[in-house]
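Report on one structure; see the data block that follows.
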Amino acid sequence: APFPFALQGTVVKGYGRGSKQLGIPTANLSDEAIDALVSGLETGVYYGWTQIGELGSEVYPMVMSLGWNPYFKNEKRSAEVHIIHEFPEDFYNTPIRVLVLGFIRPEQNYPSLDALIRDIKTDVEVAKQSLARKHYAEAKEHTLFFN
Ligand code: ADP
Ligand code: MG
């Protein structure tokens, strides 16, 4: 993929798959955020930086799951962003900007919920480690987040 690439849209209601109950809430990106650019990308888990709300506000590390959207008979992509930060409340209908810097792993089926959660925790560690490297850390200052 042509890293880095940017996705911009709003946080929409998801499919109620209970990510939050698992301790890994995912901000689902609105449809227009994911169109053209993403249509050719491999499904799986990506990492990078994200910002919600106003330009110039805090930028957080994130892992993003790119899959197929069941609402569109699996003909369109869906993108869900787990932000590596604890928020005091939900932020539906809020603008979100995502700078995708790299690919972590392809999508997988899991024998158990535990196995899935363990893998996501690994993804979070991989993302943190990668984003700490100079080249990726600098991307936090990308113009996407300022204007
Ligand atoms: P949904 O199916 O509606 O996407 P989730 O269980 O995935 O529900 O929860 C996602 C929502 O949780 C987000 O839309 C956002 O408002 C909120 N949220 C709170 N903390 C986070 C976080 N760290 N990362 C992503 N979303 C979060
Ligand atoms: Mg979600």
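Both counts, for ligands and for their atoms, begin at 1 and track the order of listing. Because only heavy atoms are used, hydrogens play no part in the values below, and waters and symmetry mates are left out as well, while side chains stay in.
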Select one of side chain, backbone, both or neither to describe which atoms of E86 lie under 4.0 Å from any atom of ligand 1, heavy atoms only.
-> neither

Does some side-chain heavy atom of V81 sit less than 4.5 Å from a side-chain heavy atom of L29?
-> yes

Does an N or O anywhere in E89 fall below 3.5 Å from an N or O of ligand 1?
-> no

Considering only heavy atoms, which of F87, Y92, F91 lies nearest to atom 14 (O) of ligand 1?
-> Y92

Output the list of atoms in ligand 1 that are nearer than 4.0 Å to some heavy atom of V81, sorted by atom number.
-> 25 (C)

Considering only heavy atoms of V11, which atoms of ligand 1 have at least one such atom less than 4.0 Å away?
-> 14 (O)

Considering only heavy atoms of N28, which atoms of ligand 1 have at least one such atom less than 4.0 Å away?
-> 4 (O)

Which ligand 1 atoms are under 4.0 Å away from a heavy-atom of G14?
-> 1 (P), 2 (O), 3 (O), 4 (O)

Near the Mg ion (ligand 2), which protein N/O/S atoms are found at less than 2.8 Å?
-> T26 O, T26 OG1, N28 OD1

Can you sort out which atoms of ligand 1 are near H85, meaning under 4.0 Å from one of its heavy atoms?
-> 23 (N)

Are E107 and T43 linked by a side-chain donor-acceptor pair shorter than 3.5 Å?
-> yes

S19 heavy atoms, cut-off 4.0 Å: which ligand 1 atoms fall inside?
-> 6 (O), 7 (O)

Could you pull out all residues at least two apart from E138 that satisfy salt bridge (charged side-chain N to carboxylate O under 4.0 Å, His left out)?
-> K134

Please identify which atoms of ligand 1 are closer than 4.0 Å to at least one heavy atom of K13.
-> 3 (O)

Could you list all the side-chain hydrogen bond (donor to acceptor under 3.5 Å, both in side chains) pairs where at least one residue sits in residues 89-104, not counting sequence neighbours?
-> K13-Y92, K20-D90, Q51-R97

For R105, salt bridge (charged side-chain N to carboxylate O under 4.0 Å, His left out) partners two or more places apart | D119, D123

Nearest heavy-atom neighbours spanning L55 and L144 = CD2-O, 3.4 Å

Rounded distance [0.5 Å steps], CD1 in I52 versus CZ in F91 | 4.0 Å

Please state whether the rings of F5 and F3 are parallel, tilted or perpendicular, taking 30° and 60° as the class boundaries.
-> parallel

Do L131 and L101 come within less than 4.5 Å of each other through their side chains, counting heavy atoms only?
-> yes

Can you measure from CE (M64) to CG (L7) and round to the nearest 0.5 angstrom?
-> 5.5 Å

Flag the pair Y60 / F87 as yes when their ring centroid distance falls below 6.0 Å, and as no otherwise.
-> yes

